[in-house]
Amino acid sequence: MSDTTLSFLSSLPLFQGIAPDALPKVLQALSAHQVSYQKGEYLLHNQDIVAAAGLVLQGKVLVLREDFWGNRAILTQISAGYLFGETYAMLHLPAEVSVEAAEDTTVLYLNLQTLLTTQEPALITISHRLMQSFARRNLTLTRKIAHVTCRTTREKLLSYLSAQANDAKDAVFSIPFNRQQLADYLAVERSAMCAELSRMKQDGLLDYHKNHFRLFLQ
């Protein structure tokens, strides 16, 4: 593994508290291995057995829920430095989601089963960090539930954009989704959502250009 990758891993919350010279041994214990994907390629399909969690080293992935007819909803987007599939990897259960590369992406796979029986201090530290990761993921999904359970498309957009502004601590911000991805995330029809955004702009609630938004007080 390159020095650049090791340096990047050392900077992540998951590996905080682990000495840089101990990191290669820790990665070996977790059977770490890298895989690269092209944009649009699936990393994981619904009902696949998940043997290892994925840590995004470069790029972004979309976590999707797809039905029998191919309709899909975006549950979340995972960027560099964050994990996906950790719950299924810990429990060794079939995935109930799919994961797709949103752009060219490199992933480091980690066998988390090792953490269940380890007495190694460095691995115990990772276990504690992993619990924090689970808590953050739970918060992300709780926020999504708040958005998608709003009754109308406008209410869903206002809920989501308000949360993004709060995270940015600014009325001007960028979102991580294009229009189709945003529609999939909010579980609405794309054309109806775009029409609603236009009406919201006419009503003076917001302005936007592509994925850049500005909210206005009324």
Side-chain angles (χ1 to χ4, degrees), residues 13 37-46 54 56 58-85 87 95-105 107 133-218:
Y37 301 90
Q38 294 183 338
K39 179 180 178 179
E41 189 175 356
Y42 274 76
L43 292 69
L44 179 69
H45 289 88
N46 181 44
V56 180
Q58 182 179 3
K60 296 176 183 177
V61 302
L62 299 174
V63 180
L64 312 168
R65 187 176 296 278
E66 299 175 301
D67 66 18
F68 179 81
W69 296 274
N71 300 309
R72 70 186 208 167
I74 295 176
L75 300 182
T76 190
Q77 179 175 265
I78 309 295
S79 55
Y82 293 93
L83 289 163
F84 65 88
T87 300
E96 298 178 1
V97 296
S98 298
V99 179
E100 179 187 48
E103 55 190 59
D104 291 350
T105 298
V107 172
S133 174
F134 284 139
R136 285 192 296 270
R137 183 63 50 79
N138 183 64
L139 178 60
T140 298
L141 292 178
T142 299
R143 287 179 174 179
K144 176 181 169 61
I145 290 170
H147 304 326
V148 299
T149 52
C150 292
R151 293 190 176 187
T152 67
T153 298
R154 176 172 289 210
E155 289 173 346
K156 291 180 181 184
L157 285 165
L158 288 173
S159 176
Y160 174 75
L161 294 173
S162 177
Q164 292 294 303
N166 286 336
D167 287 345
K169 296 180 173 58
D170 198 329
V172 180
F173 55 89
S174 297
I175 66 172
F177 299 130
N178 61 33
R179 290 292 182 270
Q180 185 59 60
Q181 291 169 344
L182 179 59
D184 290 341
Y185 179 79
L186 294 176
V188 296
E189 204 276 325
R190 181 181 182 276
S191 60
M193 184 196 72
C194 291
E196 190 59 54
L197 281 171
S198 295
R199 286 190 288 269
M200 292 167 69
K201 184 175 182 179
Q202 293 171 3
D203 292 343
L205 292 171
L206 53 77
D207 195 8
Y208 58 84
H209 176 68
K210 295 185 178 180
N211 67 329
H212 303 291
F213 285 81
R214 178 190 292 271
L215 304 187
F216 300 112
L217 293 173
Q218 295 295 296

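Contacts classified as salt bridge (Lys or Arg N to Asp or Glu O under 4.0 Å) and involving residues 162-181 (residues at least two apart or in different chains) are given here: Arg143-Asp167. Sequence neighbours left out, not one pair with a member in residues 187-207 passes ring-ring contact (aromatic ring centres under 6.0 Å, His included).
Note on ring orientation: taking the six-membered ring where Trp is involved, the planes of His147 and Tyr160 are perpendicular (angle over 60°, cut-offs 30° and 60°).
Looking at residues two or more places apart in sequence or on another chain, you find no ring-ring contact (aromatic ring centres under 6.0 Å, His included) involving Phe84. Judged as a side chain to side chain donor-acceptor pair (under 3.5 Å), and not counting sequence neighbours, Arg190 has no contacts. Checked against side chain to side chain contact (heavy atoms under 4.5 Å, CB included), Gln38 has the following partners two or more places apart in sequence or in another chain: Glu41, Asp104. Annotation: salt bridge (charged side-chain N to carboxylate O under 4.0 Å, His left out) contacts of Arg154 (sequence neighbours excluded): Glu196, Asp203. Partners of Glu66 under the side chain to side chain donor-acceptor pair (under 3.5 Å) rule, at least two apart in sequence or in another chain, are Tyr42, Ser98. Contacts of Tyr82 classified as side chain to side chain contact (heavy atoms under 4.5 Å, CB included), with partners at least two apart in sequence or in another chain: Ile78, Ser79. By the side chain to side chain donor-acceptor pair (under 3.5 Å) test, Ser174 is found to be paired with His212, residues two or more places apart in sequence or in another chain being considered. With sequence neighbours left out, Lys201 forms a salt bridge (charged side-chain N to carboxylate O under 4.0 Å, His left out) with Asp207. The side chain to side chain contact (heavy atoms under 4.5 Å, CB included) test applied to Ser162 returns Asn166, not counting sequence neighbours. Taking the side chain to side chain donor-acceptor pair (under 3.5 Å) definition, one finds that Arg72 meets it with Glu100, sequence neighbours left out.
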Side chain to side chain contact (heavy atoms under 4.5 Å, CB included) between Leu186 and Leu157, intermediate numbers included: CA-CA 8 Å; Leu186 294 176; Leu157 285 165; 3.7 Å; yes
Chi angles and distances behind the side chain to side chain contact (heavy atoms under 4.5 Å, CB included) call for Val56, Thr105: CA-CA 7 Å; Val56 180; Thr105 298; 4.1 Å; yes
Side chain to side chain contact (heavy atoms under 4.5 Å, CB included) between Leu64 and Leu75, worked out: CA-CA 6 Å; Leu64 312 168; Leu75 300 182; over 6 Å; no
Steps toward side chain to side chain contact (heavy atoms under 4.5 Å, CB included) verdict (Leu205, Phe216): CA-CA 5 Å; Leu205 292 171; Phe216 300 112; over 6 Å; no
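Separation of atoms NZ (Lys144) and OG (Ser159) is listed at 11.0 Å; rounding is to 0.5 Å. Rounded to the nearest 0.5 Å, atoms CD (Glu189) and OG1 (Thr153) are 9.0 Å apart. Annotation: the span from Asn138 atom CG to Thr142 atom OG1 amounts to 4.0 Å, rounded to 0.5 Å. Once rounded to the nearest 0.5 Å, the distance linking OG1 of Thr76 with CG of Leu62 reads 9.0 Å. For the atom pair CG of Asn211 and CD of Gln181, the computed distance is 9.5 Å after rounding to the nearest 0.5 Å. Atom CD1 of residue Ile175 and atom OH of residue Tyr208 lie 11.5 Å apart, to the nearest 0.5 angstrom.
When all heavy atoms of Lys156 and Cys150 are compared, the pair lying nearest together is CE-O, 3.2 Å. For the pair Phe173 and Leu215, the tightest heavy-atom approach, listed with the atom from each and the gap, is CE2-CG, 3.7 Å. Considering all non-hydrogen atoms of both residues, Leu197 and Phe213 come closest at CD2-CE2, 4.1 Å. Considering all non-hydrogen atoms of both residues, Gln77 and Pro176 come closest at NE2-CB, 3.0 Å.
The shortest side-chain heavy-atom distance between Phe177 and Asp184 does not fall under the 4.5 Å cut-off. You'll find the side chain of Val61 reaches within 4.5 Å of the side chain of Leu43, heavy atoms only.
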